[in-house]
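Here is the structure we will look at, set down as structure tokens.
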4 protein chains.
Amino acid sequence: MGSKERIAKLKSELRKDILCAALAILKNDGRQSLSLRKIADRIEYSPPVIYSYFKNKEAILIALCELCYQQFNGCIEKNCRKLTNPEERLTAIVTTCWNFAIEEKEMYDLMWEVGSTCTDPFTQFKELGLFLNFLSETLKNLCGKKVCTEEYLFHKSQTAIAVMHGHICLNYTLSNADPKLRSRMLNETILYVMNLINDYNLTSRELNNHY
Amino acid sequence: MGSKERIAKLKSELRKDILCAALAILKNDGRQSLSLRKIADRIEYSPPVIYSYFKNKEAILIALCELCYQQFNGCIEKNCRKLTNPEERLTAIVTTCWNFAIEEKEMYDLMWEVGSTCTDPFTQFKELGLFLNFLSETLKNLCGKKVCTEEYLFHKSQTAIAVMHGHICLNYTLSNADPKLRSRMLNETILYVMNLINDYNLTSRELNNHY
Amino acid sequence: MGSKERIAKLKSELRKDILCAALAILKNDGRQSLSLRKIADRIEYSPPVIYSYFKNKEAILIALCELCYQQFNGCIEKNCRKLTNPEERLTAIVTTCWNFAIEEKEMYDLMWEVGSTCTDPFTQFKELGLFLNFLSETLKNLCGKKVCTEEYLFHKSQTAIAVMHGHICLNYTLSNADPKLRSRMLNETILYVMNLINDYNLTSRELNNHY
Amino acid sequence: MGSKERIAKLKSELRKDILCAALAILKNDGRQSLSLRKIADRIEYSPPVIYSYFKNKEAILIALCELCYQQFNGCIEKNCRKLTNPEERLTAIVTTCWNFAIEEKEMYDLMWEVGSTCTDPFTQFKELGLFLNFLSETLKNLCGKKVCTEEYLFHKSQTAIAVMHGHICLNYTLSNADPKLRSRMLNETILYVMNLINDYNLTSRELNNHY
DNA sequence: CATGAATGAGAATTCATTCAT
DNA sequence: AATGAATGAATTCTCATTCAT
């Protein structure tokens, strides 16, 4: 490896360090405590270096959000890709989302916070797009032989994300709920998401004209 | 009315003034601009008076959140109480939630933000409890003659809130969606919430063992 | 004096202190060094206090500029008001401007800098307006029995200010000029300003149609 | 051409690039935004290279000022050299100055800002010296057969510059003035400058003893 | 009871300049 | 000869909170 490459790698690594530091602060101290100064302190550099790698704080948040989506998508891939049965896979997807939201609440919240400020998060964040595709593909398999349009599948996937998100937020607020209830909520969420396809048959009269 | 009462009344009114000022700032300038100094400026008192009525900023946010729930519940009551047909009423409830979230985004967001930090928002916030009861009552009527436990109805109501919230958040992120899509999303949300009861029959096998 | 007044006076004095500190920094360290932090250091308060008295730095500069105009107008009044002969008075006015610009270069520069950012400095700054009136009145007397419109006099006064300013700036750039030359420049400036009225007769053909 | 010369030429060109970049930033983003970092970005070199060509920022400003004088003098030469009638030429000179000050305010301001910090801008900046000569030559022609000393002509030329500058600054501050007034101000400025020579006869008594 | 006054801590950002390589 | 990397020192400004009065 030439010296140029080594330097480029070092440079790229400092960028990573910044994001890792930001992520660590996010996890440990919370979203509100995430300041440029703290990031600089943690990487043991002076604050201005950050501006060599990111235009401003917003750019950091977006990149951090991307990192979160990567980690999230990594979990999904790891836990669900191997499952071939569509119902099993969908179950695993919902469960993975659910657990990620609980274990990495700060990350999960940031993903929605930043996503809300973007015009089109599903295309802006590559890994979110991949997740949407994966979900869409899974739903397609769930449909079986029935033919579905791409548009329909994407829409259903987004709806699935919405339903999961709603339950996850509810779960956040019911923080003193006992584990049993939580477990039941997760099960129900799985069912609802599953039924997004199943009940397609039931409500086809209403939805039919949209597609 | 003795002077003691008059003073108590004045005191109570100043408390209201503080919250109204906070609400006005929230609506006009957004969540981030909500500072004690600005509240004090608006009520034309000095910042320290606020500490006579609220322990700290967090306490204000909680009380403000209560005010938001009151306004929200007011909308619900006004738009939906009069409707006796359960399907019509439920449709009105979902629609009212949806519109409130769009028109009063700052309030809606605060309600979930603060709600997430509380241990049990459904009991802590009286008006949220009332809304839950109202929803529960509506779902009960929707069930018709079928007998449902209170617990079941509350749970379904919370689920309905979750489903609505998920769709509302999705709607936030799809900021460049056209009005048609938005209108369809609302219709679907209504259907999903309605089906929380209808599909009870369908999925009773799975859910039955919980109750 | 009641305690309320005393406090109000103290408050008003701190405002003055801030401006005096700003003025001192302006004189000693120059325009570029005039920062809020330095002002705070000098009055031995913390930086945020300044925001109790001024909205932002721009507001300080405007107020400081006002102070400069006051001091400037004070010099004019002190040196020139007593002179009744219009030629003597005009001579004194130009001389006072000239010396002020030399002795208080930083103040003089600030006056033009801030003046340039205002839409109408002659009305915004009371003392500048007073100076313009005083100049106008002096030029009127210089005209003798000839009748002049107010508009004409104000215009000529502004022109006088322009001519003086031009010479003052030239004098700034000729910093290594010997005292004799400087003294001659001042004398010429006086003559040019005086001739703004005298040559009215000469150039009346050209200017006549304007009024 | 040897490699030494080629290198020298390259070096000289980079110097030009730096100044051109600085000029572009000055025009587009304004005086306050003119930073070394921005210059480096624009020439696509790293900041430290600038220090190979200029001692510090001040040195850049001086060289940039020189460039401004070149452009300014270019306008003068282009617009006025061809005119042989002295009155026409003087009119063109004043008009060109006036328009340059309006159209290239940032450059014009910088020229005076830097000029004020130099000990003798008329000799330090070659093109300013050329302009002074040109003005002087024009005034000489305006004098007709009357014999004038060089010193006298230079002095009058500087005075002309002062008078123009004064009116230009006044024009800056009267930003809400209507086009008519502005146009009249320009006409008057031309008259005043013209009269610097004409009224020589009138005020010769007073000025005579200086020469 | 109410508050004016004050502040410490902290925010994002920009800049000219240096230095080892 | 050129630079990537880095920084110290600034900048303006906001905020929640305290305390003597």
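Naming: A, B, ... by sequence-line order, numbering from 1 per chain. Remember, it's a predicted structure, so these values are computed and weren't measured experimentally.
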Notebook entry, point to check: Does some side-chain heavy atom of C/R15 sit less than 4.5 Å from a side-chain heavy atom of C/F54?
Noted result: yes

Notebook entry, point to check: Rounded to whole angstroms, how far apart are CD on B/E58 and C1' on F/dC15?
Noted result: 16 Å

Note to self: If you assign each of C/V49 and A/N56 to its closest nucleotide in DNA chain E, which residue comes earlier from the 5' end?
What the structure shows: C/V49

Margin query: Restricting to non-hydrogen atoms, name the atom on D/L36 and the atom on D/I50 that form the minimum distance, rounded to 0.1 Å.
Written below: O-CD1, 3.6 Å

Check: Would you say a side-chain N or O of A/Y53 is under 4.0 Å from OP1 or OP2 of F/dG4?
Finding: no

Note to self: What's the angle between the local helix axes at either end of the helix from E/dA2-F/dT21 to E/dT21-F/dA2, using five pairs per end and rounding to 10 degrees?
What the structure shows: 30°

Check: Looking at F/dT17, F/dT11, E/dC19, which one has an atom nearest to any side-chain atom of D/P48?
Finding: E/dC19

Next item on the list: Classify the ring geometry between C/Y172 and C/Y108 as parallel (under 30°), tilted (30 to 60°) or perpendicular (over 60°).
Entry: perpendicular

Note to self: As a test of reading the structure: which of F/dT17, E/dA12, F/dT3 is closest to the side chain of D/S46, going by heavy atoms?
What the structure shows: F/dT3

Check: Listed in order of residue number, which residues of residues 20-45 of chain D have a non-hydrogen atom at under 4.0 Å from DNA chain F?
Finding: D/R37, D/Y45

Next item on the list: Could you check if a side-chain atom of D/K27 sits within less than 4.5 angstrom of a side-chain atom of D/L23, using non-hydrogen atoms only?
Entry: yes

Checklist line | Nucleotide E/dT17, atom P - distance to CD1 of D/I50 in whole Å | finding: 10 Å

Check: Does D/Y51 have a side-chain nitrogen or oxygen under 4.0 Å from the phosphate oxygens OP1 or OP2 of E/dT17?
Finding: yes

Next item on the list: Just do the side-chain contact (heavy atoms from CB on, under 4.5 Å) check on C/I62 and C/K55 with the steps written out, would you?
Entry: CA-CA 11 Å; C/I62 289 175; C/K55 194 192 160 198; over 6 Å; no

Item checked: Neighbour count above 12 (heavy atom, 6.0 Å) for A/E113 CD -> yes

Notebook entry, point to check: Should we count CZ of B/R31 as having more than 12 external heavy atoms under 6.0 Å?
Noted result: yes

Checklist line | Salt bridge C/K105-C/D109, side-chain N to carboxylate O under 4.0 Å | finding: yes

